[in-house]
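Scroll down for the structure; my scribbles are underneath it.
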Amino acid sequence: MSDFSPTTAFRLVRGLAAAGQDAPCLYLLICEAGAMDAVRADLTDEVQVQLGFDIRFLTASEVNPEKLGDAFLEDAVRPVILITLDRWLPKLIDSLDCNVVVLTRAGTVLLLADRQIAERALAAAPNLRSRLADVLAITPDEAFGGARS
């Protein structure tokens, strides 16, 4: 699998802000497992500061593949959803792939996974892959020299 463009939460959310809230988008963010907590914290901070609202968090193990629509109901207060693909769940990936339209209606959906899970998801889910705005390698903001606030 090829290398992906590097980004930070600041850069990603700046792009989301420029696109506007009326432009739903779907991103796959690849992160080292040990940096996931820091990346989630950075995303939380940046969404609050740059977009002015809270982010909604889900882990893959919390999402019921048979009731996918329930997890992605529109939320006017938190139109950014971050789903951490914390383990390989083929039923969930299949459901996301078959119901990708549900994701794109939810607002902005960020899928966060380590490289191994991300590569498996990309290979197993062609519909999902075709709807991704981008696949990015995300690191904590401090990894690029910025200070955590």
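The side chain to side chain donor-acceptor pair (under 3.5 Å) search around Gln116 returns none, not counting sequence neighbours. Under the side chain to side chain contact (heavy atoms under 4.5 Å, CB included) criterion, Asp94 pairs with no residue at all, not counting sequence neighbours. Qualifying side chain to side chain contact (heavy atoms under 4.5 Å, CB included) partners for Asp86, counting only residues two or more places apart in sequence or in other chains: Thr59, Ala60, Ser61, Thr84. For Lys67, the salt bridge (charged side-chain N to carboxylate O under 4.0 Å, His left out) criterion is met by no residue, not counting sequence neighbours. Residues satisfying the side chain to side chain contact (heavy atoms under 4.5 Å, CB included) test with Pro90, not counting sequence neighbours, are Trp88. With sequence neighbours left out, Arg40 forms a salt bridge (charged side-chain N to carboxylate O under 4.0 Å, His left out) with Asp37.
Without hydrogens or angle criteria, Asp141 side chain to Thr8 main chain gives no donor-acceptor distance under 3.5 Å. Looking only at distances, a side-chain donor or acceptor of Ser95 sits under 3.5 Å from a matching main-chain atom of Pro65. Under the 3.5 Å distance criterion, the side-chain polar atoms of Asp97 are matched with a main-chain donor or acceptor of Leu128.
The CG atom of Leu96 sits 13.0 Å away from the CZ atom of Arg131 when rounded to the nearest 0.5 Å.
A salt bridge is defined here as a Lys NZ or Arg NE, NH1 or NH2 lying under 4.0 Å from an Asp or Glu carboxylate O, and Arg14 with Glu46 fails to meet this definition.
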* To do: Check step by step if side chain to side chain contact (heavy atoms under 4.5 Å, CB included) holds for Val47 and Asp54.
  => CA-CA 7 Å; Val47 167; Asp54 293 326; over 6 Å; no
* Please walk me through it: do Ile83 and Val109 pass side chain to side chain contact (heavy atoms under 4.5 Å, CB included)? -> CA-CA 7 Å; Ile83 302 169; Val109 177; 4.0 Å; yes
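Taking a 6.0 Å sphere around CD of Glu32, one finds it holds 12 or fewer heavy atoms contributed by other residues, nucleotides or ligands.
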